[in-house]
Structures are given as structure tokens and as C-alpha cells.
Peer 1: 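Shown below is the structure under consideration.
Letters A, B, ... are given to chains in the order of the sequence lines, protein chains preceding strands, and every chain is numbered from 1.
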There are 2 protein chains.
Amino acid sequence: MQNLTTKQEAILSAIRQHIRNTGQSPTVREIGQAVNLKSSCSVQKQIESLERAGRLRRSSFKYRSIEIIGEHSQQSHIIDTLVIPLLGRVAGGNPIEALQESDPELISLPTSLLPRVDQNRQKKSCDEQNFSKVELFGLRVVGRSMIDVGIDDGDLVIARQQSSAQNGDIVVALVEDNEATVKKYYREADRIRLQPANDAFLPIYSRDVRILGKVALSIKQF
Amino acid sequence: MQNLTTKQEAILSAIRQHIRNTGQSPTVREIGQAVNLKSSCSVQKQIESLERAGRLRRSSFKYRSIEIIGEHSQQSHIIDTLVIPLLGRVAGGNPIEALQESDPELISLPTSLLPRVDQNRQKKSCDEQNFSKVELFGLRVVGRSMIDVGIDDGDLVIARQQSSAQNGDIVVALVEDNEATVKKYYREADRIRLQPANDAFLPIYSRDVRILGKVALSIKQF
DNA sequence: TGAGAGATCAAACAGTTGTTTGATTTATTT
DNA sequence: AAATAAATCAAACAACTGTTTGATCTCTCA
């Protein structure tokens with residue numbers, strides 16, 4: 001990391017601040033105003049220096065396209081983020097569908113933590129662009145029936161919406177009485193077993209289980 | 001929500017798509033090209049209609065400043081997000097300081113999940129703008145010593161950096177042999193007890209414990 | 001002191017973009 | 001069918017912005 005002149009440091013700082021304040025990079029003249037350079041050309045030269053020094057990049061010939069290199073730009077992380085609706089509570093509550101209609105709280109999580117999402121389904125909705133299509137959804141857990149896998153009362157679980165599951169998957173399921181619950185899924189001869197992860201709880205046996213999703217993540221707040 | 005003409009729907013869709021693809025809103029002429037309107041004025045008129053209908057807003061007289069009203073803009077969620085460095089692994093690894101120097105993986109998490117962060121410390125760095133000051137940090141857990149509080153091998157814990165703790169807090173601590181570990185913190189008469197949450201593990205007693213942070217969140221991936 | 005390099009300046013140029021103008025086309029109403 | 005309204009068009013205008021030009025200033029070094 002080379003030494004920069006104080007003027008160049010001031011320019012970098014002005015760019016950072018402008019991006020932070022307005023969400024976009026400044027123009028050459030805005031930089032000039034910020035660092036007290038009267039001519040846009042002076043700024044231009046300094047910017048070229050900073051580019052040669054590898055501290056800046058202009059992504060194209062468009063306006064306001066200066067990026068600062070080597071610092072974590074907001075962009076890079078934001079892009080890899082998915083917005084997930086928090087649909088309600090499970091185990092002892094209402095079915096999830098009822099909760100979908102309202103205006104759910106939203107949280108954004110980095111894709112690096114989340115399971116792969118089917119690219120086609122994402123693409124398909126690119127035009128219509130309801131971009132938090134409920135592919136992933138969050139639920140607040142009530143009860144301690146899954147304590148042995150580390151899911152406790154009050155934890156947040158993020159599930160991927162799917163209607164089938166494999167043995168051993170932790171699923172969000174809807175049982176006969178329209179109650180949503182988080183359990184381990186096992187298909188038996190003529191029925192489904194929803195197995196708690198807590199010896200104090202008994203499994204639920206049912207032929208009429210609707211899988212809402214597979215738990216991908218659980219988040220515990222201390 | 002009023003009815004819109006098909007042309008107006010097409011324009012809204014084109015704007016959404018352009019914002020999604022490029023991160024900024026389209027120009028009048030780009031919209032025209034997308035919806036097959038030859039004159040920029042035609043687009044202008046349609047945009048004015050959409051503004052009157054309350055579906056669009058132009059935040060200023062600047063270029064590329066169209067916003068779509070009533071849909072969850074990326075912005076609103078992004079703003080409430082903190083970028084957190086993943087510093088390494090705990091329990092049986094190197095001390096955290098050694099890992100800070102390198103180029104850590106980063107994840108962004110919504111502030112709604114995170115503990116309150118001291119506003120002053122945030123403000124102070126506004127000018128200098130090293131904006132992921134290590135206020136919060138993430139660690140990957142190795143070992144099962146905290147299984148009874150739901151922290152398992154491979155889980156991600158997010159901790160808030162602090163150098164003291166209260167009894168019962170789950171902390172990231174550095175013990176004598178420079179080993180970072182996650183344990184429950186108890187101050188005893190003349191020593192610190194670092195208590196695992198697993199009967200198969202014994203507590204660590206030490207007079208020389210350095211607290212690195214308090215665990216605020218744990219994230220489990222299934 | 002003086003020559004040269006670098007920084008800065010005012011000014012102008014060119015491309016992009018929002019906006020306006022006036023004519024033409026299309027749709028709707030009478 | 002005639003008239004009115006709405007939509008669309010090509011063209012031009014003006015503001016913004018990146019870039020270039022040529023002159024002026026400042027500093028360093030011989």
C-alpha cells in the first residue's frame with residue numbers, strides 16, 4: 001500500500017463519504033469542490049494517479065462510476081444477500097399460509113449461509129420481479145421439542161420451501177389440525193412420523209402431513 | 001391499486017428489471033428502447049402518468065433517479081445491515097488476533113438480529129469510514145463443548161467485542177495457552193471458571209483469562 | 001538564478017440525459 | 001363521417017458530466 005499525498009487521501013476520503021451519504025460516487029467536479037480544487041482537470045489528474053496506484057477504478061465511461069479498490073464496498077456484499085420474509089411462529093400456532101398474506105417482517109441474509117436456490121425459479125420471476133418470492137421463509141420457534149438438534153424456544157429458523165422431504169430432514173410441516181410444526185421427517189410403511197428431537201416429546205404419526213419446507217438454518221439470539 | 005395500461009405495466013417491469021440488472025434505474029431512452037417507444041417524450045408522458053398514479057417517484061432532477069413506490073426497495077433492507085468479519089475458528093485454534101490481520105470472509109447480517117451497538121463508536125468513524133470496525137465478529141465453532149446451549153460443532157457464532165463479562169454470559173475467551181474458546185463465564189473467589197455446556201467436558205479454571213467478546217448469536221446450518 | 005517537472009486553473013468540447021416543442025398518428029366520441 | 005382527445009414521433013434544447021487543451025503557478029534541483 002503506497003504512500004499517497006494528503007490531497008490524494010482527501011480525495012479518497014471525499015469519495016468514500018459521498019458514496020456513503022448519497023449511495024453513488026461523486027462527479028469530478030463534486031470531488032473538486034470537496035477537496036478545494038477549482039478545476040475539474042486537476043481532479044482528473046489526481047484520479048488518474050490514484051488509478052495508476054491501484055486505489056481507484058472507473059468501471060466504465062459512465063457518470064459516477066468511481067469505485068474504491070481494496071475496501072469492502074457495500075455493493076459486493078449487498079448483491080449476495082437475499083430478503084426473507086418472517087412468516088410467523090411454528091408449533092402451536094396458525095398455519096403459515098394464513099400468515100403469508102399480511103405484511104411480514106423481512107430480514108436479509110447472505111447467500112453464503114443459505115442453501116442453493118433453484119436458479120430457474122429465480123430467473124423465471126426476473127421479469128415479473130416479485131423478488132421475495134417465498135423460496136425461503138423464516139419462522140420463530142415456539143416450544144422445546146427440537147432441543148436435541150439445537151433448536152430451542154424462541155430461535156429463528158429459515159426454511160426452504162418444498163413439498164417433499166427425505167428421511168431425517170428437519171421440516172416445517174402442517175399436520176391434520178392445521179398446525180405448523182418443526183420436526184424430523186421419517187416416512188414409514190403407511191404413515192409419516194414427525195419425530196421431535198427431545199425425549200420428553202412423543203412423535204406425531206399421520207397419513208395427512210403437508211410439508212411446507214425444509215429447515216436450512218437456525219439462528220439463536222442470546 | 002389502480003389499473004394500468006399494458007404499456008405502463010411494461011414500463012414498470014422494464015424499470016424493475018433494469019434496476020435489478022444494473023443497480024440503477026434506467027434513463028428515459030433506455031425505457032423507450034425496452035418497451036418499444038421511439039421517442040423519449042412518449043416515455044416521459046407515461047412516466048408522468050405513473051407518477052400521478054403514485055407508482056413512481058423521481059427523487060430529484062438528477063439522472064437515473066426513478067424509484068418504484070410500494071415495492072420493497074433493496075435499499076430499505078440494506079441500510080439495516082452490518083458487515084461482520086469471520087475471523088476464524090474457536091476452541092483448539094489460534095488466537096483471534098492472529099487471524100484478524102488477513103483478509104477475512106465477510107457476511108452481512110440484519111441489525112434486527114444483532115445486539116445494540118454503541119452509537120458513538122459508530123459515529124466517530126463516520127469520517128474515517130473504516131466501516132467494519134471490529135465491533136462484532138464471527139467465528140466457526142469447533143467441538144461440542146457447548147451443545148447444551150445449542151452450539152454445536154460447525155456452528156457459526158457472532159460475538160460482540162468486549163473485554164469484560166458477567167456471570168453466565170457465553171463468551172469468547174483466550175486462556176493461558178493462547179487458545180480461543182467459547183464457554184460460559186463465571187467469576188469465582190480467586191479465579192475465573194469457564195464452564196462448558198456439556199457434561200462430558202470439564203470446566204477450565206484460570207486466573208489469566210482474556211475476554212474477547214460476548215456471544216450474541218449462533219447460526220446453525222443443516 | 002534558471003530550467004524543468006508537476007500541480008492547478010479557466011475554458012472549451014463532446015457525450016449523455018431530462019425536458020420541451022410541434023407535427024403526425026391512433027383511438028374514441030358524437 | 002367528423003371532431004376531439006390521447007399517444008407517439010422526430011427534433012431540438014439545456015443541464016450535467018467526463019475529457020482535453022493550453023496557460024499559469026509552485027516547487028525542486030542544478
Peer 1: Grab the CG-C1' distance between Leu37(B) and dT25(C) for me, whole Å please.
Peer 2: 14 Å
Peer 1: Do any N or O atoms from the side chain of Gln44(B) and from the backbone of Val28(B) form a donor-acceptor pair under 3.5 angstrom?
Peer 2: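 No: the side chain of Gln44(B) does not pair with the backbone of Val28(B).
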Peer 1: Within the structure, does a side-chain N or O atom of Gln44(A) lie under 4.0 Å from either OP1 or OP2 of dT19(D)?
Peer 2: yes
Peer 1: Is any side-chain N of the basic residue among Arg58(B) and Glu51(B) closer than 4.0 Å to the acidic one's carboxylate O?
Peer 2: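 Between Glu51(B) and Arg58(B) there is a salt bridge, with a charged N closer than 4.0 Å to a carboxylate O.
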Peer 1: Would you say the side chain of Ile47(A) lies within less than 4.5 Å of the side chain of Leu56(A), judging by non-hydrogen atoms?
Peer 2: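 They are in contact (side-chain heavy atoms under 4.5 Å apart), so the answer is yes.
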Peer 1: Would you tell me if any nitrogen or oxygen in the side chain of Lys38(B) comes within less than 4.0 Å of OP1 or OP2 on dT8(D)?
Peer 2: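 No, because none of the side-chain N or O atoms of Lys38(B) sits under 4.0 Å from OP1 or OP2 of dT8(D).
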Peer 1: Let me know the distance between NZ of Lys45(A) and P of dT24(D), rounded to the nearest Å.
Peer 2: 18 Å
Peer 1: Does a nitrogen or oxygen in the side chain of Ser42(A) sit under 4.0 Å from OP1 or OP2 of dC9(C)?
Peer 2: yes
Peer 1: Hey, is Lys214(B) close enough to Asp169(B) for a salt bridge, meaning N to O under 4.0 Å?
Peer 2: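 So Lys214(B) pairs with Asp169(B) through a salt bridge.
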Peer 1: List the atom pairs, donor and acceptor, that lie under 3.5 Å between side-chain atoms in residues 29-40 of chain B and the rest of the protein, sequence neighbours left out.
Peer 2:
residue  : atom : partner  : partner atom : Å
Glu30(B) : OE1  : His18(B) : NE2          : 3.3
Glu30(B) : OE1  : Thr27(B) : N            : 2.9
Glu30(B) : OE1  : Arg64(B) : NH1          : 3.0
Glu30(B) : OE2  : Arg64(B) : NH2          : 3.1
Asn36(B) : OD1  : Lys38(B) : NZ           : 3.4
Ser39(B) : OG   : Cys41(B) : N            : 3.1

Peer 1: Given atom CD of Gln33(A) and atom P of dG18(D), what is their separation to the nearest angstrom?
Peer 2: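 Rounded to the whole Å, the gap is 14 Å.
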Peer 1: Taking only side-chain nitrogens and oxygens of Gln46(B), does any of them come within less than 4.0 Å of OP1 or OP2 of dT8(D)?
Peer 2: yes
Peer 1: Is there a donor-acceptor contact under 3.5 Å linking the side chains of Thr181(A) and Lys183(A)?
Peer 2: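 Yes, side-chain donor-acceptor contact under 3.5 Å.
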Peer 1: Rounding to an integer number of Å, can you tell me how far Gln24(B) CD sits from dT16(C) P?
Peer 2: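 So the CD-P distance, Gln24(B) to dT16(C), works out to 14 Å.
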Peer 1: Please state how far atom CD1 in Ile47(B) lies from atom P in dT20(C), giving the value in whole angstrom units.
Peer 2: 12 Å
Peer 1: Do nucleotides 11-17 of chain D as a string where each nucleotide becomes B, S or -: B if the base has a protein heavy atom under 4.0 Å, S if just the sugar-phosphate does, - if no protein is that close.
Peer 2: BB--BBB
Peer 1: Given atom NZ of Lys7(A) and atom C1' of dC27(D), what is their separation to the nearest angstrom?
Peer 2: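 Roughly 15 Å, once rounded to whole Å.
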Peer 1: Using whole Å, what does the distance between atom P of nucleotide dA7(D) and atom CG of Asn36(B) come to?
Peer 2: 17 Å
Peer 1: Is the backbone of Ser65(A) close enough, under 3.5 Å, to the side chain of Ser25(A) for a donor and an acceptor to pair up by distance?
Peer 2: yes
